Amino acid sequence: MTAPLGFDPKTHRYWRANLPVSGFSEIRSSMGIGEGFRPMDLGRYLEEGTALHHWLLFLAQGQDPEDPPDERIASRVEGIRKFLGSGHFKFLDGEKPLVCDLPLFACTPDVWGHWEGEPCLVEMKRSAKAKWHPLQTAAQALALKQAGFPVKHRIGL
């Protein structure tokens, strides 16, 4: 039996059997792929990204919040509402750390379910689409396939 995957949401670090498992963001960063951050912007970027992921999961589960989103992410939350309100996506699960054994890496897909009846994965982004985003959803699709959910469509919001 394989040891369960551990995950620390604050550091975004994964481990299994007390050994580190590289996450997608760590692999991407070590390859020098992706946007650079000015140290003063990193905290705000992570805070807004985390808030958006919470809103996506919350709204995808059909929950209705009492309070409006922070004004910094309000327009992105409206985009989430519009996407979910289209009726094309049916939520199954999300924000669960997953491991892929070959090649060994870990990731936490945002949400997955069905787009017009076919398995899909939805990745929420805080900013505009970047060239590396398809690589991230491809990695997440591999991990979901190993977990028994064969992704056919990968959607970036």
Side-chain angles (χ1 to χ4, degrees), residues 2-16 21-28 33-35 44-157:
T2 304
L5 182 68
F7 176 66
D8 181 343
K10 290 184 181 179
T11 63
H12 235 63
R13 299 283 187 213
Y14 301 88
W15 65 91
R16 187 166 59 181
V21 175
S22 295
F24 177 81
S25 296
E26 184 179 358
I27 293 168
R28 179 181 58 82
I33 300 171
E35 63 269 23
R44 180 183 58 82
Y45 181 85
L46 293 174
E47 181 181 297
E48 290 175 15
T50 298
L52 278 170
H53 285 93
H54 287 296
W55 273 96
L56 175 61
L57 185 61
F58 186 78
L59 295 171
Q61 294 176 71
Q63 297 182 31
D64 191 24
E66 293 179 20
D67 297 320
D70 183 291
E71 63 185 36
R72 295 175 294 172
I73 61 167
S75 65
R76 303 289 292 148
V77 171
E78 262 326 293
I80 295 169
R81 288 183 200 275
K82 185 175 179 180
F83 172 79
L84 295 172
S86 73
H88 297 287
F89 178 74
K90 301 295 179 216
F91 173 77
L92 183 61
D93 207 346
E95 292 295 335
K96 299 275 190 318
L98 301 173
V99 67
C100 183
D101 289 315
L102 192 59
L104 180 61
F105 70 90
C107 60
T108 303
D110 293 344
V111 296
W112 57 93
H114 293 89
W115 178 264
E116 296 184 345
E118 296 184 322
C120 82
L121 140 74
V122 178
E123 177 65 19
M124 180 76 225
K125 292 299 175 198
R126 185 194 133 300
S127 58
K129 183 177 179 180
K131 291 180 181 181
W132 58 269
H133 290 162
L135 182 60
Q136 180 182 22
T137 58
Q140 292 170 341
L142 281 174
L144 281 164
K145 182 178 180 182
Q146 181 174 314
F149 188 76
V151 173
K152 185 168 183 180
H153 301 286
R154 298 177 287 146
I155 299 170
L157 288 182

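Keep in mind that what you see is a predicted model, and the values were worked out from it rather than measured.
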Where does the angle between the aromatic ring planes of F149 and H114 fall among parallel (under 30°), tilted (30 to 60°) and perpendicular (over 60°)?
-> perpendicular
Side-chain contact test, heavy atoms from C-beta onward, threshold under 4.5 Å: evaluate it for V99 versus R16 and give yes or no.
-> yes
L5 CG to C100 SG distance, which is reported to the nearest 0.5 Å = 11.5 Å
Value for CD1 (I155) from OG1 (T137), rounded to nearest 0.5 Å, stands at 10.0 Å
Indicate whether the side chain of Y14 and that of T108 have a donor and an acceptor atom separated by less than 3.5 Å.
-> yes
Those residues at least two apart in sequence (or on a different chain) that pass ring-ring contact (aromatic ring centres under 6.0 Å, His included) with F91 are none
Between R28 and L135, is any pair of side-chain heavy atoms under 4.5 Å apart?
-> no
Drop me the distance from W115's CH2 to K90's NZ, to the nearest 0.5 angstrom.
-> 10.5 Å
Value for CD (E123) from NE2 (H133), rounded to nearest 0.5 Å, stands at 7.5 Å
Do the ring centers of F83 and F89 come within less than 6.0 Å of each other?
-> yes
Determine, for E47 against R72, whether the closest basic-nitrogen to carboxylate-oxygen distance falls under 4.0 angstrom.
-> yes
Determine which pairs satisfy side-chain hydrogen bond (donor to acceptor under 3.5 Å, both in side chains) with at least one residue from residues 51-66, sequence neighbours left out, and list them in order.
-> H53-D110
Heavy-atom side-chain proximity of H153 to E116 below 4.5 angstrom | no
Closest heavy-atom contact between W112 and E95?
-> CZ3-N, 4.0 Å
All heavy atoms of L98 vs all of A143, minimum pair found to be CB-CB, 3.9 Å
R13 (side chain) donor-acceptor with F7 (main chain) under 3.5 angstrom | no
Examine distances only and state if a side-chain atom of Q146 and a backbone atom of D101 form a donor-acceptor pair shorter than 3.5 Å.
-> yes
Shortest non-hydrogen contact from P69 toward A74 | CG-CA, 3.9 Å
Does a donor on one side chain sit under 3.5 Å from an acceptor on the other, for Q140 and K145?
-> no
Measure the spacing between CH2 of W132 and CD1 of I33 and express it to the nearest 0.5 Å.
-> 10.0 Å
Side-chain contact, heavy-atom cut-off 4.5 Å: L104 with S22?
-> no
Output the distance between atom CG (L144) and atom CG (L92), rounded to the nearest 0.5 Å.
-> 9.5 Å
Measure across L121 and A141 and return the closest heavy-atom pair with its distance rounded to 0.1 Å.
-> CD2-N, 4.0 Å
Should D93 and V111 count as side-chain neighbours, where that means a heavy-atom distance under 4.5 Å?
-> no
Any donor-acceptor pair under 3.5 Å from R81 side chain to L59 backbone | no
